[in-house]
Amino acid sequence: MTSVQASRGLLEPLGRTRVMGVVNVTPDSFSDGGAYPTAVDAVRAGLAMAAEGADIVDVGGESTRPGAGRVDPAEELRRVLPVVTELAAAGVAVSVDTTRPAVAEAALAAGAAVINDVSGAADRDLLAVAAERAVPYVLMHTRGVSADMATRAVYGDVVSEVVAELRERLDAVFAAGIAPERVIVDPGIGFAKESGHNWTLLAHLDAIAALGHPLLVGTSRKSFLGSLLADADERPRPAGERDDATQATTALLAADGVWAVRVHAVRAAADAVRVVQAWREAREWR
Ligand SMILES: Nc1nc2ncc(COP(=O)(O)O)nc2c(=O)[nH]1
C-alpha cells in the first residue's frame with residue numbers, strides 16, 4: 001500500500017477523535033524510553049496498539065525529551081525503518097515522528113502515511129518531502145530544539161503567541177507546497193512550555209482550532225500531569241503512573257472535537273473516545 005493510499009481517509013470526518021498510539025524506538029524517551037529495545041518489540045507493540053483501537057501508530061527514533069541530544073540520522077533511520085515497514089505491511093496507518101527529510105522520505109517509501117514534524121516546520125527539505133509525497137503533515141508548535149527549548153518557555157500571552165507563531169509557520173508550510181487540507185496543527189504540549197502554559201493552551205484550544213486545521217494533541221504522561229499529581233512531598237507522579245490523568249485529558253479533548261490524541265495507553269484512550277462519542281450522540285437524540 002502506498003503512503004497516499006494509507007493516508008486516504010485519515011482526514012475524513014469520523015464522528016469521533018482518532019487515537020494515535022506512540023511507539024518510541026529510543027533508549028531515552030521520557031515516558032517509555034527503552035520500552036522497545038528491538039524492532040521486534042516495537043512492531044509487536046504497534047500491532048497490539050492497532051488491535052486495541054489505535055487509528056494511527058506514531059513511530060519515532062529520536063527522543064524529544066527536553067535536553068536530549070541529537071541522534072545521528074543514520075541511527076534514527078536504523079531504528080524506525082524496520083518498524084514502519086512491518087507495521088505498514090500489516091495495514092497499520094503509520095506516522096513517522098521525525099524532523100529529518102531523509103528519515104521521512106525513507107519512512108514514506110516504506111509505507112508511512114503521515115509526517116509528524118515536531119520541529120515547527122524548521123527544515124525546508126522536510127517540508128519539500130511532505131509536499132512532494134502529498135501526505136498529511138503535522139505542524140507542531142515548539143521553540144528551539146530539545147537541547148534549549150526549556151529556556152524558551154517565556155510568554156506574555158501563551159495562547160496568542162502560540163497561535164501567531166503557528167500562523168507564521170503555516171505560511172512556510174504552504175509556501176513549500178503542502179496543501180492546506182493536508183495540514184494538521186498541534187500546540188506542542190510540553191515543548192518550550194511550562195505547566196501553566198500547557199493548561200492555558202488546553203483550556204483555549206478553540207483559538208488554535210480557529211487556524212482552520214484539524215488538531216492533534218499530545219498530553220500523554222507529560223510532566224505537567226506529574227506536577228499536578230505530585231505527592232505531599234511535592235514529588236511529581238512518575239510518568240508510568242499518569243495514564244488515568246491522561247485519559248481524563250483524552251475525554252476532554254475528544255469532547256472538544258480534536259482530530260486525534262497522541263497516547264501511550266491506547267485501549268484506555270480508545271474507550272474514552274468511544275464514551276465521548278456515545279455521550280454526544282445521546283445529546284443529539286432528544
Ligand atoms: N505531534 C506531536 N508529536 C510528539 N512527539 C513526541 C512527544 C513527546 O512525547 P513522547 O516522548 O511521549 O513521545 N510529544 C509529541 C506531541 O505532543 N505532539
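Remember, it's 1-based here, ligands and their atoms both numbered in the order they're listed. Keep in mind that this is a model prediction, so the values were computed, not measured.
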*Quick one: which ligand 1 atoms are inside 4.0 Å of a heavy atom on Val118?*
3 (N), 4 (C), 5 (N)
_Are any of the N/O atoms on Asp186, whether in the backbone or the side chain, positioned under 3.5 angstrom from an N/O atom of ligand 1?_
yes
_Which label fits Tyr155 and His141: parallel for a plane angle under 30°, tilted from 30 to 60°, or perpendicular past 60°?_
tilted
_Distance filter under 4.0 Å to Asn116 heavy atoms, resulting ligand 1 atoms_ = 1 (N), 2 (C), 3 (N)
*Is ligand 1 under 4.0 Å from a heavy atom in the side chain of Asn24, in the backbone, in both, or in neither?*
side chain
*If you measure from each non-hydrogen atom of Leu216 to ligand 1, which part falls under 4.0 Å: side chain, backbone, both or neither?*
side chain
*Element-labelled atoms of ligand 1 that are located less than 4.0 Å from some non-hydrogen atom of Asp97*: 3 (N), 4 (C), 5 (N), 6 (C)
*Compare all side-chain heavy atoms of Arg100 with those of Asp123 and state whether any distance is below 4.5 angstrom.*
no
*Say whether, by atom type as modelled, one donor and one acceptor occur between the side chain of Arg242 and the main chain of Arg237 under 3.5 angstrom.*
yes
*Output all residues satisfying ring-ring contact (aromatic ring centres under 6.0 Å, His included) with Trp279, sequence neighbours left out; order by chain, then residue number.*
none
*asked:* Polar contacts were defined as any N/O atom of the residue lying under 3.5 Å from an N/O atom of the ligand; does this apply to Asp58 and ligand 1?
replied: no
*Could you list the atoms of ligand 1 found under 4.0 angstrom from a heavy atom of His264?*
12 (O)
*Considering the heavy atoms of Thr64, write down every atom of ligand 1 situated less than 4.0 Å from one of them.*
6 (C), 7 (C), 8 (C)
*asked:* Under 3.5 Å, is there a donor on one side chain and an acceptor on the other for Asn198 and Ser195?
replied: no
*Is the shortest distance from a Lys or Arg side-chain nitrogen in Arg169 or Glu165 to a carboxylate oxygen in the other one below 4.0 Å?*
no
_Does Glu284 form a salt bridge (Lys or Arg N to Asp or Glu O under 4.0 Å) with Arg280? I'd like the steps, not just the answer._
CA-CA 6 Å; Glu284 286 149 20; Arg280 292 172 74 169; 5.3 Å; no
*Counting heavy atoms only, which of His141, Lys222, Met20, Arg221 comes nearest to atom 16 (C) of ligand 1?*
Lys222
